[in-house]
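In what follows, every chain begins at residue 1, and chains take the letters A, B, ... in the order their sequences are listed.
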Amino acid sequence: MPDTPAIPTLEPRDFIREIVLEDLKSGKHDHVVTRFPPEPNGYLHIGHAKAFCLDFGLALEVPHSRCHLRMDDTNPVKEDVEYVESIQEDVRWMGFEWGQHFYYASDYYEQLYGYAVELIEKGLAYVDELTADQMREYRGNLTEPGKESPFRNRSVAENLTLFARMRAGEFGEGEAVLRAKIDMAHPNLIMRDPTLYRVLKAHHHRTGDDWCIYPMYDFAHPLSDAIEGITHSLCSLEFENHRPLYDWFVNHCSVPAKPRQIEFARLNLTYTVMSKRKLQQLVAEKLVDGWDDPRMPTLSGLRRRGYTPAAIRKFIETIGLTKFNSLTDVALLEYAIRNDLNASAPRVMAVLDPVKVVITSYPEHQVEEMEALINPEDPSLGTRIVPFSRELYIERDDFMENAPKNYFRLTVGQEVRLRYGYWIKCQEVIKDPSGQIVELRCTHDPATRGGENPPDGRKVKGTIHWVSAAHAIPSEVRLYDRLFSVEQVGDDFTSLLNPESLKIIPNALLEPSLAMAQPGDRVQFERIGYFCADTKLSKPGKPVFNRTVALKDPWAKAKG
RNA sequence: AACUCCGUGGUGUAACGGUAACACAGCGGAUUUUGGUUCCGUUAUUCAAGGUUCGAAUCCUUGCGGGGUUGCCA
């Protein structure tokens, strides 16, 4: 079964769906066309997923609707095909399809040029030869109006010629721009004669050297939306100030449609950063192991970490959609993945920090094949075989000398259950000269085979996991934790990295059923957490597991 | 304090003039061959002050607090 979202009908779950519902009811639209327009200058992160789950989700919810995937590639100096490909892969992985509707803003360069000419002809745009510094000066500031450029009142004919010469490459970078003629005293600085085109003698990843002038986002974006017949153009809050300009272009150019821009708050998560610039920097400075480092909030990172698209979608549904800035507790995300994996992940036993146990009462060369549930949440999934023998390994944490009364695991004289094994009692602790425990000598009760309760009605408080020493497979296990050590990560973020965000355990011991784990396989190490065979480092026969998320651990809290 | 958007438990959200609710987190308990899961219970909320109204989280005014905006980035 492909991992795609269920198709719900449109409900007023948030203010945007309310607007769409209203537009449908009023007859303004009888279907919707949305778009997800990333700039291909970085990898997509979970914040982008919030946006495109809305864009694609809406198209799924309203009959006869569609969502376009459009590369907003108007700045060739920052963009790259590597990103175009990763974006498509990540959107698909999340379960969405755009069909034939894959576009580039660069598809529209010629049309966009035509709209610019139209504005010039209407006397609404002019070629300005102020330098960047002068333009800044002329713009004024938050409290003072700007003043008009001396080039502002050139004739239409002159502007037409100049703009054609810009296109022809007769101006160097910074020597001329095309600006809209709006209002240099507008209280919204965005409206003080914004730049439409700048000269960039750069090679574009698709149009090559065809162009040396490139449209600005504010100009290209609304018109691209209009060209594609977008009905609802959904974007994040920082574009709120740009909406008047968006509407200005759509109203002054002869476009086939008038899309409506609606803004919503972007996602912020505790203990991580969610800006492309910062993520870019983490990668460039090698503070992480690439865009798909499992600690990254990128979709490729979350995928490698073991997150499922369904859990991410569920999370996004849970956090809702509003117009106010917030900081979402990453615990909500962790809940979503635990909840998903609890239902679906096969259970296995793995010992991360092994200490040897010898069952002195158990025959030397005997091996029993124990039956263990694949997933107790769904016994119909059947069982797997786990070999049991005289020499085992258990978790070092699962034994304690002089344990407090609320310690339920193995101590001298306290019986515990070996899951799917036997009940054992520790008789003797063997230490090396440094005092380190090297072996626990135990006896077992043959009446508890499979870990079952004995007929005498005896009870046991603790159940611990184990692996058979002779059958265990050594494996590298990577324990990932939050990337940053503070909830709210500011601008000096590189100094706030969590030094414990990755702990590599070179020699964990796994039960033999895991020997041939395929990269990407997700399992639960019982009593520890959910793990995923790494897609880059893991090979059948030589698995490497990443911790996706730990199981809740009340004992860790109880002992302080 | 120029303009603009926005303020609901610890966190994310709902309530659309009529008993402030849900999820997560926390706490307590039950069940449990995972100290997991599940189940039950529980703590805690409308930024402030005025106004309109029989009745305000919701409408109005003012104040306070937060975000965005002075790129030839998106």
**Q** Below 3.5 Å is the cut-off: list the nitrogen or oxygen pairs between protein and nucleotides 30-33 of chain B, distance only.
**A**
unit_1 : atom_1 : unit_2  : atom_2 : d
U33(B) : O4'    : R417(A) : NE     : 2.7
U33(B) : O4'    : R417(A) : NH1    : 3.2
U33(B) : O4'    : R417(A) : NH2    : 3.0
U33(B) : O3'    : R419(A) : NH1    : 3.2
U33(B) : O2'    : R419(A) : NH1    : 2.7
U33(B) : O2     : Y420(A) : N      : 3.3
U33(B) : N3     : G450(A) : O      : 2.5
U33(B) : O4     : G450(A) : O      : 2.2
U33(B) : O4     : E452(A) : N      : 3.0

**Q** Tell me whether the rings of Y109(A) and H204(A) are parallel (<30°), tilted (30 to 60°) or perpendicular (>60°).
**A** perpendicular
**Q** 5'-most contact on RNA chain B: K461(A) or L327(A), nearest heavy atom basis?
**A** L327(A)
**Q** Between Y126(A) and F163(A), is the ring centroid distance below 6.0 Å?
**A** no
**Q** Please pick, from G35(B), A2(B), C24(B), the nucleotide with the shortest atom-to-atom distance to any side-chain atom of A331(A).
**A** C24(B)
**Q** If you measure only the distance, is there a donor-acceptor pair under 3.5 Å linking the side chains of R527(A) and H465(A)?
**A** yes
**Q** Whether T322(A) contacts U13(B) is assessed here as follows: a side-chain N or O lying under 4.0 Å from the phosphate OP1 or OP2. Is that the case?
**A** yes
**Q** Starting at CG of D378(A) and ending at C1' of U38(B), how long is that distance when rounded to a whole Å?
**A** 15 Å
**Q** Just call it for L142(A): base, sugar-phosphate, or nothing, with non-hydrogen atoms closer than 4.0 Å on any strand.
**A** base
**Q** Rounded to the Å, how far apart are L267(A) CG and U11(B) P?
**A** 16 Å
**Q** May I have the distance from Q524(A) (atom CD) to U37(B) (atom C1'), rounded to whole angstrom?
**A** 9 Å
**Q** Find the distance R198(A):CZ to C73(B):P and express it as a whole number of Å.
**A** 5 Å
**Q** With a 4.0 Å cut-off on heavy atoms, is D72(A) in touch with a base, just the backbone sugar-phosphate, or nothing at all?
**A** sugar-phosphate
**Q** Assign the ring pair Y43(A) / W291(A) to parallel, tilted or perpendicular, where the plane angle (0 to 90°) is split at 30° and 60°.
**A** parallel
**Q** Assign E144(A) to base, sugar-phosphate, or nothing according to its heavy-atom contacts below 4.0 angstrom with the strands shown.
**A** nothing
**Q** So, does K552(A) get its side chain near the phosphate of A25(B), meaning an N or O under 4.0 Å from OP1 or OP2?
**A** yes
**Q** Quick check, does F324(A) stack with G66(B)? I mean ring centres under 5.5 Å and planes off by under 30°.
**A** no
**Q** Quick one: look up who U32(B) pairs with, Watson-Crick or G-U, both distances under 3.5 Å, and put none if it's unpaired.
**A** none
**Q** Roughly, in whole Å, what's the span from CD in E129(A) to P in C72(B)?
**A** 16 Å
**Q** When you check the side-chain N and O atoms of D218(A) and Y246(A), is any donor under 3.5 Å from an acceptor?
**A** no
**Q** Base, sugar-phosphate, or nothing: which does Y407(A) touch, judged by heavy atoms less than 4.0 Å apart?
**A** base
**Q** Rounded to the nearest 0.5 Å, what's the gap from CZ on R17(A) to CG on L24(A)? Could you check?
**A** 13.0 Å
**Q** Report the distance from atom CG of D193(A) to atom P of U70(B), rounded to the nearest whole Å.
**A** 16 Å
**Q** When all nucleic acid strands are considered with a 4.0 Å heavy-atom cut-off, which category describes N325(A): base, sugar-phosphate, or nothing?
**A** sugar-phosphate
**Q** Could you tell me whether Y335(A) contacts a base, only the sugar-phosphate backbone, or nothing, with contacts defined as non-hydrogen atoms closer than 4.0 Å?
**A** sugar-phosphate
**Q** Relative to each other, are the rings of F388(A) and Y362(A) parallel, tilted or perpendicular (30° and 60° limits)?
**A** perpendicular
**Q** What is the distance, to the nearest angstrom, from the CG atom on D329(A) to the C1' atom on A25(B)?
**A** 7 Å
**Q** Regarding P376(A), tell me which of base, sugar-phosphate or nothing describes its non-hydrogen contacts under 4.0 Å with the strands shown.
**A** base
**Q** Looking at the side chain of R139(A), which of C72(B), G35(B), A74(B) is the nearest nucleotide?
**A** C72(B)
**Q** Using a 4.0 Å heavy-atom cut-off, does N141(A) contact any base of the nucleic acid, only the sugar-phosphate backbone, or nothing at all?
**A** base
**Q** Side chain of R347(A) only, heavy atoms from C-beta on: which candidate in C72(B), U69(B), G36(B) is closest?
**A** G36(B)
**Q** May I ask you to say what E377(A) touches in the nucleic acid, namely base, sugar-phosphate or nothing, with a heavy-atom cut-off under 4.0 Å?
**A** base
**Q** Which one is paired to U53(B), where only Watson-Crick or G-U wobble pairs with both distances under 3.5 angstrom count?
**A** none
**Q** Has the side chain of E18(A) got a donor or acceptor atom sitting under 3.5 Å from an opposite partner on the base of C16(B)?
**A** yes
**Q** Within this structure, what is the CE-to-P distance between M135(A) and C73(B), rounded to whole angstrom?
**A** 10 Å
**Q** Measure the acute angle between the ring planes of H242(A) and F239(A), then classify it against the limits of 30° and 60° as parallel, tilted or perpendicular.
**A** perpendicular
**Q** Any strand counts, and the cut-off is 3.5 Å on both contacts for Watson-Crick or G-U wobble. Which nucleotide pairs with C64(B)?
**A** G7(B)
**Q** Using a 4.0 Å heavy-atom cut-off across all strands, classify L130(A) as base, sugar-phosphate, or nothing.
**A** base
**Q** Stacking between W555(A) and G35(B), defined as ring centres under 5.5 angstrom apart with planes under 30°, is that present or not?
**A** yes
**Q** Just checking D218(A): base, sugar-phosphate only, or nothing, at a heavy-atom cut-off of under 4.0 Å?
**A** nothing
**Q** Find which nucleotide of RNA chain B each of G140(A) and D14(A) is nearest to by heavy atoms, and output the residue with the more 5' nucleotide.
**A** D14(A)
**Q** So R338(A), base contact, sugar-phosphate only, or nothing? Heavy-atom distance under 4.0 Å.
**A** nothing
**Q** For H465(A), report the nucleic acid contact type (base, sugar-phosphate, nothing); a contact means any heavy atom under 4.0 Å.
**A** nothing
**Q** What residue pairs, at least two apart or across chains, pass salt bridge (Lys or Arg N to Asp or Glu O under 4.0 Å) with a residue in residues 262-271 of chain A?
**A** E238(A)-R266(A), R243(A)-E263(A), E263(A)-K323(A)
**Q** Of the nucleotides U34(B), U11(B), C73(B), which one has an atom closest to the side chain of N75(A)?
**A** C73(B)
